[in-house]
Amino acid sequence: MGVGSWLVLGGEDVEHALPEAAGQAGLVSQLRPLIRELSEPGELVFDPFAGWGTTLVAASVEGRRGFGIEVDEERAEDARRRLAAYPGQEMICGDARKPPLEAGSVDMVLCDLPYFGTNLNTDATDGAQFYALRDYDDYLGALDEAFGAIAVTMRPGARAVIAVQNRRIAGRFVPLAWDAARVLGRHLTLGDERIHLYDRPTGGDDPMLTNRSHEYLLMATK
């Protein structure tokens, strides 16, 4: 039957929505099909950049165990409160470059990267908060370290799905998705890309600027 390379996303599952995180967290509805397709019931799904815990919510709904790491202590605690209603999930505050998981224990990795060039958490200085990294090469180096550590946690044959967009920062195009794929390929075998499409309005008259209504899913295997 084959697999389509792109999917137009609909709305969030009302039952699992988190209104206070609108625009900051992924959709449970977009993650559930990926979890069903790429893992089996009871398996371990790992999100090293877990944020509000959306991946773990989707894992629980689909009967998988989930483990998430979030570097921001307050956000990790918010996610733990959210996950209290979803069994089989564990969220910790920690560093994605140092996942406390046994080698070969993870069946699927599913995450949205913390994007370079945002204005979030810019005062962090320990290197664990990727948002705070102001130099692009430093950011890619941190990604390289994290992907290497994440790959060690995966069993042979495990799949990874990394969601990421290219960026425009201070008027400059930054090929974040493509650079992230290059770094990921040092540690895992790249598969094919998929694209999630969002319904976003267009505007402006500059033919070199778009509404950026798509997100790449980098697919890889251990």
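Just so we're clear, the structure is a prediction, and the values are computed from it rather than from any experiment.
- Under the 4.5 Å side-chain heavy-atom criterion for grouping Ile, Leu, Val, Met, Phe, Trp and Tyr, L110 is not connected to V152 through any hydrophobic cluster.
- Taking CZ of F46 as the start and CZ of R65 as the end, the distance is 13.0 Å to the nearest 0.5 Å.
- Note on residues 95-115: pairs passing salt bridge (charged side-chain N to carboxylate O under 4.0 Å, His left out), not counting sequence neighbours, are D95-R97, R97-E145, D107-R155.
- Screening residues 128-170 for ring pair (Phe, Tyr, Trp, His ring centres under 6.0 Å), with sequence neighbours left out, gives F49-F130, F116-Y136, F116-Y139.
- Considering only residues two or more places apart in sequence or on other chains, E40 meets the salt bridge (charged side-chain N to carboxylate O under 4.0 Å, His left out) condition with none of them.
- By the side chain to side chain contact (heavy atoms under 4.5 Å, CB included) test, E73 is found to be paired with C93, residues two or more places apart in sequence or in another chain being considered.
- When the side-chain hydrogen bond (donor to acceptor under 3.5 Å, both in side chains) test is applied to E215, the partners found at least two apart in sequence or on another chain are Y115, Y198.
- Residue-environment remark: CG (D199) stays at or below the threshold of 12 foreign heavy atoms within 6.0 Å.
- Within the 4.5 Å cutoff, the side chain of I69 has heavy atoms near those of the P100 side chain.
- With sequence neighbours excluded, the residues satisfying side-chain hydrogen bond (donor to acceptor under 3.5 Å, both in side chains) with S39 are R64.
- A donor-acceptor contact shorter than 3.5 Å links the side chain of K222 to the backbone of M154.
- Between Y86 and V61, the closest side-chain pair of non-hydrogen atoms falls below 4.5 Å.
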Trace of the side chain to side chain contact (heavy atoms under 4.5 Å, CB included) decision for L113 with Q165
CA-CA 9 Å; L113 289 188; Q165 283 185 325; over 6 Å; no

Let me see the working for V106 and L101 under side chain to side chain contact (heavy atoms under 4.5 Å, CB included), right down to the final yes or no.
CA-CA 8 Å; V106 169; L101 292 167; 3.8 Å; yes

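- Environment of CG in D206: crowded, with over 12 heavy atoms of neighbouring residues, nucleotides or ligands closer than 6.0 Å.
- Here the closest heavy-atom approach between residue P201 and residue N211 is recorded as O-CB, 3.4 Å.
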Run the side-chain hydrogen bond (donor to acceptor under 3.5 Å, both in side chains) check on T54 and R82 step by step: do they pass?
CA-CA 9 Å; T54 304; R82 180 188 189 189; 3.0 Å; yes

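- Between A85 and P87 the shortest heavy-atom distance is O-CD, 3.8 Å.
- One distance of note links CG of L38 with CE of M108; it measures 4.5 Å at 0.5 Å rounding.
- Summarising the geometry, atom CD1 belonging to I35 is positioned 6.5 Å from atom OG1 belonging to T55; distances are rounded to the nearest 0.5 Å.
- Residues W178 and M219 fall into different hydrophobic clusters, defined by Ile, Leu, Val, Met, Phe, Trp and Tyr side chains chained together at heavy-atom separations under 4.5 Å.
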Checking V3 against E37 for the side chain to side chain contact (heavy atoms under 4.5 Å, CB included) test, could you report, in this order, the C-alpha distance in whole Å, the side-chain angles of both residues, the deciding distance, and whether it holds?
CA-CA 11 Å; V3 178; E37 179 185 3; 4.1 Å; yes

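- In this structure, the salt bridge (charged side-chain N to carboxylate O under 4.0 Å, His left out) partners of E62, at least two apart in sequence or on a different chain, are R32, R36.
- Counting only residues at least two apart or on different chains, the salt bridge (charged side-chain N to carboxylate O under 4.0 Å, His left out) pairs with a member in residues 160-183 are D179-R182.
- Put simply, the side chain of Q89 gets close to the backbone of G66: a donor and an acceptor are under 3.5 Å apart.
- Counting heavy atoms from C-beta outward, P48 and V109 have side chains that approach closer than 4.5 Å.
- Judged purely by atom type and a 3.5 angstrom limit, D138 has no side-chain atom pairing as donor or acceptor with the backbone of L133.
- The side-chain hydrogen bond (donor to acceptor under 3.5 Å, both in side chains) test applied to R134 returns no partner, not counting sequence neighbours.
- Looking at residues two or more places apart in sequence or on another chain, you find a salt bridge (charged side-chain N to carboxylate O under 4.0 Å, His left out) between R80 and E77.
- In this structure, the separation between CZ on F67 and CG on L44 is 8.5 Å, given to the nearest 0.5 Å.
- Considering all non-hydrogen atoms of both residues, A50 and G68 come closest at CB-CA, 3.8 Å.
- Among L143, L188, L218, the single residue meeting the side-chain contact (heavy atoms from CB on, under 4.5 Å) criterion with I162 is L218.
- The side chain to side chain contact (heavy atoms under 4.5 Å, CB included) check on V71 picks up A128, Q129, with sequence neighbours excluded.
- Following chains of ILVMFWY side-chain contacts shorter than 4.5 Å, one can reach I169 starting from V164, so the two form part of one hydrophobic cluster.
- Linking ILVMFWY residues whenever their side-chain heavy atoms come closer than 4.5 Å, directly or via other members, leaves L209 and L176 in distinct clusters.
- Remark: R159 engages no residue in a side-chain hydrogen bond (donor to acceptor under 3.5 Å, both in side chains) (not counting sequence neighbours).
- Remark: side-chain polar atoms of S60 are not paired, donor with acceptor, to backbone N or O of V57 under 3.5 angstrom.
- A distance-only check finds no donor-acceptor pair linking the side chain of E70 to the backbone of I92 [under 3.5 Å].
- When every heavy atom of R194 is checked against every heavy atom of G4, the shortest pair comes out as CD-O, 4.4 Å.
- One distance of note links CG of L56 with CD of E90; it measures 9.0 Å at 0.5 Å rounding.
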List the steps, then state whether side chain to side chain contact (heavy atoms under 4.5 Å, CB included) holds for L31 with V28.
CA-CA 5 Å; L31 301 181; V28 174; 5.9 Å; no

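- Side chain of H196 to main chain of L217: no donor-acceptor pair is present (N/O by atom type, distance under 3.5 Å, no hydrogens or angles).
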